[in-house]
Student: 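One structure follows; several queries about it will come next.
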Amino acid sequence: MSKKIRVRFAPSPTGGLHLGGVRTVLYNYLFAKKHQGHFILRIEDTDQSRYVAGAEEYIFSCLQWAGLEPDESPLHGGKYGPYRQSERKDNYRHYAEKLVNDGHAYYAFDTPEELDRMRHDFKTEQNPSPQYDHSIRMKMRNSLTLHAEDSKKMLEAGTAHVIRIKMPGSETVSFTDMIRGEVSFDTSVVDDKVLLKADGMPTYHLAVVVDDYLMKISHAFRGEEWLPSAPVHILLWKYLFGLENMPQWAHLPLILGPNGKLSKRDGAKYGFPVFAMNWIDPVSKELTEGFKEKGFLPEAFINLLALLGWNDGTEQEIFSKEELIEKFSIERVHSGGAKFDYEKAKWFNHEWIKRSTSSSLQGPVKILLIQDGIDNINEVILSKVIGLVRDRCTLLTDFVQQSSFFFRAPDKYDLDAVKSKWNDDKKKFFQSFTKELNAIDNWESAFIEDGFKKLAAIQNIKPGELQLPFRIMLVGGKFGPPVFDIAAVLGKTEAIARISKALEVFAG
RNA sequence: GGCCCGUUCGUCUAAGGGUUAGGACACCACCCUUUCACGGUGGUGAUACGAGUUCGAAUCUCGUACGGGCUACCA
C-alpha cells in the first residue's frame, strides 16, 4: 500500500508508434498520475539488428504531442537510469548466469542451422511448429547434454552460445491479472526461451524482469500479445527476485483493425491512420500518415483511445485528460479486444473541435492556412472565422476548405448552382445591392441582411432565390456559414468587389 | 496442430441473478435551416449456440462454435 506506484512503457524503437502503443502509454500515464506515481519510459533496444534511425526521437515527439510525457526516460533522466537497455547490457549476464548456477537455465550451443534442422526434423502434422522445450532439449547441444568439461571448454574458447531458461517439466504457473483475474499455464507446453543472446544482449524476457526489478516497477501493463510468455516472466521473478516483489500485471486487450491485430506494417492501408504522427521510414522513405497530421486534436486522440476498452460506468464519453486521470481505473478495462472504428474517432475529434475555444484552435489553423498558401492572415479576423466555421469541421484540416475563402477570393465558382436560375432580374438586383451595401455605415450581418431583404421585396424577388447566388459570389461554392455573416467578416470593400467580379463571371 | 485470451445492436459499450437489455458512433425519417453543418425528435438494430445451477441467467458452471493472440538468438 505504501509502495510507490511506478509504471513503465517499454517500446522498441523500430518504427512508428501505433494506436495500441499510445493507448498503453495512456493507461500507464493515467494510472501513474491518478496514484501520484511515476511514469517511466524505457527503450527496449536489445535487438541491434532492428535498429531504426530516428525512431526513438519520434516516440518522444508523439508523447509530447499527445501530452503524455514520462517522468523518467532517456530524455528526461531519473534515478534509475540508464533508460535504454542497450546501455544496461552489463546488468543482464550476471542474472542469466545466476540462473544457470541455480539450475534454472543452461547454456545452449546450437547454431541457427541446427535449430532450423530441429524445427524441420521434428515437424509433424500434430506439431507443425516444434519448440525447444523439455521434450527436445536433451536432443540438442547444450550444457545439459554435453559433459560438464566439454561445456566449460567451449565457453572458455568463446564458442557462440545462448542461455536458455529451463522450463519445469510439469508445473502450473498462475498469477492474477488485474484485468482478467487468475490465469494459469502448464509449464510443459512453454519452450525454453532464450534469455541471453549470443551477442551478449538479453532478450525481452530477461530484460523486462531484470529492469522492472531494478527500476522498482510496481505495475506492469502491456498488450495481450504478451500473455503467452507471462509464465516465463513469472518464473524468472520467482527464481531471481521473489514473487513478492513482482509487479502486478495487467494485459491490455488488443486494438483490432478490420482484419485482426492492427499492424504497423499495414500503415494507412485501412483508410485511416494507425500511427500517432507521420512516420517516414528512413530507408524506404515511405511515409505513413499519423493522426496528428490527419487533423486530430491531441485531446480528442487520447479521449478516443481511452474509451477504446475502458469506460467509467456512466454514459459520459467526452473526457478531458484531467477527468481521465480522476476516473480511470485499470479494473474497468475490458478483457475483450476492440475493433477500431474510424467514424467514431472522427466524431470524438469533431466534439473536441466544437468545444475548443477559437483561441486554442487559432495556432494550428493558422499553420494549415499558411501551408495552403495564404499569407495575409489577420488574427482578429481569423478568430471570428474560426468561431463561424468550427461546427462544420470534423478534422483540423477541414478548416482549410471552410475558411480559406475568407482570406482569398474564389477563383472558381460553382456555376451549376446558379446558372440555370440566373436571369437579368437577379443581375439587376445585385447591381443595385452593390450600391445599397456601399451606403451601409454599420457593417454588420444583421444590417446587411436587412438591406438585402428590403431590396428583394422592392424588386419582387424571393430572398431565398438570391441567397444561393450571393453565397456563390462570396464563397465560390455551396458551403460555409450563413452568407450575411460571411459578408460581415469580409468587410464592405471586399464583399462588393466579390459581387462585381462574380457578376462578370456569371455573365460570361 | 498446441497453448492462452475473448464473445451484448454493423462498431465502441452499460447492465457485477429480477430492466420493455440502456447509451454513443454509423444508418434512416422528420423538424430547424432556401448552402453545408450544428442542434432537436423519432426509428431500424444485440445478449453466438446447447446443457446445467436457480423461483428467476446477458450475468454463475460446463461443453460446442466462432474470433483473436502466441508458438524467433523480435519486441
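Every chain is numbered from 1, with letters handed out A, B, ... down the list of sequences.
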Student: Contact class for A/Arg180 vs. all strands (heavy atom < 4.0 Å): base, sugar-phosphate, or nothing?
Tutor: sugar-phosphate
Student: Calculate the interatomic distance between A/Gln467 atom CD and B/rU33 atom P; express it in whole Å.
Tutor: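 After rounding, the gap between these two atoms is 12 Å.
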Student: Which is true for A/Ala338 with a 4.0 Å heavy-atom rule: it touches a base, it touches only sugar-phosphate, or it touches nothing?
Tutor: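 The answer is sugar-phosphate, as A/Ala338 gets under 4.0 Å only of primed atoms, P, OP1 or OP2.
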Student: Mind checking A/Phe348 for me? I need base, sugar-phosphate or nothing, with any heavy atom below 4.0 Å counting as a touch.
Tutor: nothing
Student: Within the 4.0 Å heavy-atom criterion, would you say A/Ser229 contacts the bases, only the backbone, or no part of the nucleic acid?
Tutor: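 Nothing, no nucleic acid heavy atom in range.
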Student: From the list B/rG23, B/rA75, B/rC5, which nucleotide is the closest neighbour of the side chain of A/Leu227?
Tutor: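 The nucleotide sitting nearest to the side chain is B/rC5.
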Student: The side chain of A/Lys462 lies closest to which of these nucleotides: B/rU34, B/rG69, B/rC4?
Tutor: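 Selected nucleotide (nearest to the side chain): B/rU34.
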Student: Between C1' on B/rA72 and CZ on A/Arg119, what's the gap in Å once rounded to a whole number?
Tutor: 6 Å
Student: Remember a base hit wins even if backbone is also touched, and classify A/Pro481 as base, sugar-phosphate or nothing at under 4.0 Å, heavy atoms.
Tutor: base
Student: Among B/rU34, B/rC74, B/rC12, which nucleotide has an atom closest to any side-chain atom of A/Arg50?
Tutor: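 Of the candidates, B/rC74 comes closest.
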Student: In Watson-Crick or G-U wobble terms, both distances under 3.5 Å, what is the partner of B/rG42?
Tutor: B/rC28
Student: How far does the P atom of B/rA21 sit from the matching atom of B/rC9, given to the nearest Å?
Tutor: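 To the nearest whole Å, 16 Å.
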Student: Determine, for A/Asp191 against A/Lys193, whether the closest basic-nitrogen to carboxylate-oxygen distance falls under 4.0 angstrom.
Tutor: yes
Student: Nearest whole angstrom, please: distance from the P of B/rA24 to the NE2 of A/His350.
Tutor: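 Answer to the nearest Å: 17 Å.
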Student: Does A/Lys478 place a side-chain N or O at less than 4.0 Å from the phosphate oxygens OP1/OP2 of B/rA37?
Tutor: no
Student: For nucleotides B/rC70 and B/rG16, find the distance between their P atoms and express it as a whole number of Å.
Tutor: 34 Å
Student: Applying a 4.0 Å non-hydrogen cut-off, can you work out what A/Val183 is touching in the nucleic acid: base, sugar-phosphate, or nothing?
Tutor: sugar-phosphate
Student: Can you tell me the distance, in whole Å, between the NE2 atom of A/His161 and the P atom of B/rC73?
Tutor: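 For the pair A/His161 NE2 and B/rC73 P, the rounded distance is 15 Å.
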Student: Could you tell me how far apart A/His134 (NE2) and B/rC3 (P) are, to the nearest whole angstrom?
Tutor: 12 Å
Student: Need one value for A/Ser129: base, sugar-phosphate or nothing, where a base atom within 4.0 Å counts as base even if backbone is also close, heavy atoms only.
Tutor: base
Student: Are A/Phe405 and A/Phe479 an aromatic pair, judged by ring center distance below 6.0 Å?
Tutor: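 Yes; A/Phe405 has its ring centre under 6.0 Å from that of A/Phe479.
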Student: Closest to the A/Pro482 side chain: B/rU35, B/rA14, B/rG68?
Tutor: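 Ranking B/rU35, B/rA14, B/rG68 by closest atom to the A/Pro482 side chain puts B/rU35 first.
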Student: Could you state the atom-to-atom distance from NZ of A/Lys346 to P of B/rC25 in whole Å?
Tutor: 14 Å
Student: Contact class for A/Leu195 vs. all strands (heavy atom < 4.0 Å): base, sugar-phosphate, or nothing?
Tutor: nothing
Student: May I ask you to evaluate whether A/Arg390 reaches the phosphate of B/rC38, defined as a side-chain N or O under 4.0 Å from OP1 or OP2?
Tutor: no
Student: Roughly how many Å is it from OH in A/Tyr342 to P in B/rC27, rounded to a whole number?
Tutor: 15 Å
Student: At 4.0 Å (heavy atoms only), tell me whether A/Thr46 reaches a base, stays on the sugar-phosphate, or touches nothing.
Tutor: sugar-phosphate
Student: For B/rC38, does the glycosidic angle fall within 90° of 0 (syn) or outside that (anti)?
Tutor: syn
Student: Less than 6.0 angstrom separating the ring centers of A/Trp310 and A/Phe319, yes or no?
Tutor: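 Yes, ring centres under 6.0 Å apart.
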Student: Could you walk me through whether A/Asp212 and A/Trp237 pass the side-chain contact (heavy atoms from CB on, under 4.5 Å) test, one step at a time?
Tutor: CA-CA 10 Å; A/Asp212 281 353; A/Trp237 269 98; 3.9 Å; yes
Student: Once you apply a heavy-atom cut-off of 4.0 Å, does A/Asp110 come out as touching a base, just sugar-phosphate, or nothing?
Tutor: base
Student: So, are A/Asp192 and A/Arg137 salt-bridged, with charged N and O less than 4.0 Å apart?
Tutor: yes
Student: What's the gap between B/rU71 and B/rC12 when it is taken at their C1' atoms, as a whole Å value?
Tutor: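 Taking atom C1' in both B/rU71 and B/rC12, they lie 31 Å apart.
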Student: From C-beta outward on A/Arg332, which listed nucleotide comes closest to its side chain: B/rC25, B/rC12, B/rA14?
Tutor: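 For the A/Arg332 side chain, the nearest candidate turns out to be B/rA14.
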Student: When the P atoms of B/rU54 and B/rA72 are considered, how many whole Å apart are they?
Tutor: 47 Å
Student: In the strands shown, is B/rC70 matched to any nucleotide by a Watson-Crick or G-U wobble pair with both distances under 3.5 Å, and which?
Tutor: B/rG2
Student: Please report the closest heavy-atom contact between A/Thr14 and A/Val52, naming both atoms and the distance.
Tutor: O-CG2, 3.4 Å
Student: Name the closest nucleotide to the A/Val189 side chain, picking from B/rC3, B/rU35, B/rG6.
Tutor: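 Of the candidates, B/rC3 comes closest.
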Student: Using both distances under 3.5 Å as the test, list the Watson-Crick or G-U wobble partner of B/rG16, or none.
Tutor: none
Student: Report yes if at least one side-chain N or O of A/Lys421 is closer than 4.0 Å to OP1 or OP2 of B/rU34; otherwise report no.
Tutor: no
Student: What about A/Phe340 and A/Phe272, are their ring centers closer than 6.0 Å?
Tutor: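 Ring centroids of A/Phe340 and A/Phe272 are less than 6.0 Å from each other.
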Student: Kindly say if A/Asn127 contacts the phosphate of B/rG1, meaning a side-chain N or O under 4.0 Å from OP1 or OP2.
Tutor: no
Student: Does a sphere of radius 6.0 Å around NZ in A/Lys354 hold more than 12 heavy atoms from other residues, nucleotides or ligands, not counting ones at 6.0 Å or beyond?
Tutor: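 Check passes, neighbour count above 12.
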Student: For A/Asp47 and A/Tyr204, does a side-chain donor sit closer than 3.5 Å to a side-chain acceptor?
Tutor: no
Student: What is the base-pairing partner of B/rU53, counting Watson-Crick and G-U wobble geometry with both distances under 3.5 Å?
Tutor: none
Student: Does B/rU8 have a Watson-Crick or wobble partner in any strand here, with both distances under 3.5 angstrom, and which is it?
Tutor: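 None - no nucleotide pairs with B/rU8, as no candidate has both distances under 3.5 Å.
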Student: Which part of the nucleic acid, if any, lies within reach of A/Gly480 when heavy atoms closer than 4.0 Å are counted: base, sugar-phosphate only, or nothing?
Tutor: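 Base, at least one base heavy atom under 4.0 Å.
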Student: Expressed in whole Å, how much space separates the P atoms belonging to B/rG50 and B/rG39?
Tutor: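 These two P atoms come out 41 Å apart once rounded.
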Student: Can you measure A/Asp485 atom CG to B/rU35 atom P for me and round it to whole angstrom units?
Tutor: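 Checked: the CG to P distance equals 14 Å.
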Student: Given B/rC73, B/rA14, B/rU35, which nucleotide is nearest the side-chain atoms of A/Arg392?
Tutor: B/rU35
Student: What's the gap between B/rG6 and B/rA14 when it is taken at their P atoms, as a whole Å value?
Tutor: 14 Å
Student: Report which part of the nucleic acid A/Lys354 touches: base, sugar-phosphate, or nothing (heavy-atom distance under 4.0 Å, all strands).
Tutor: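 Counting heavy atoms under 4.0 Å across all strands, the contact made by A/Lys354 is with sugar-phosphate only.
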Student: Just checking A/Pro11: base, sugar-phosphate only, or nothing, at a heavy-atom cut-off of under 4.0 Å?
Tutor: nothing
Student: Base, sugar-phosphate or nothing for A/Gly309? Non-hydrogen atoms, less than 4.0 Å.
Tutor: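 If one applies the 4.0 Å heavy-atom cut-off, A/Gly309 turns out to touch the sugar-phosphate alone, with no base involved.
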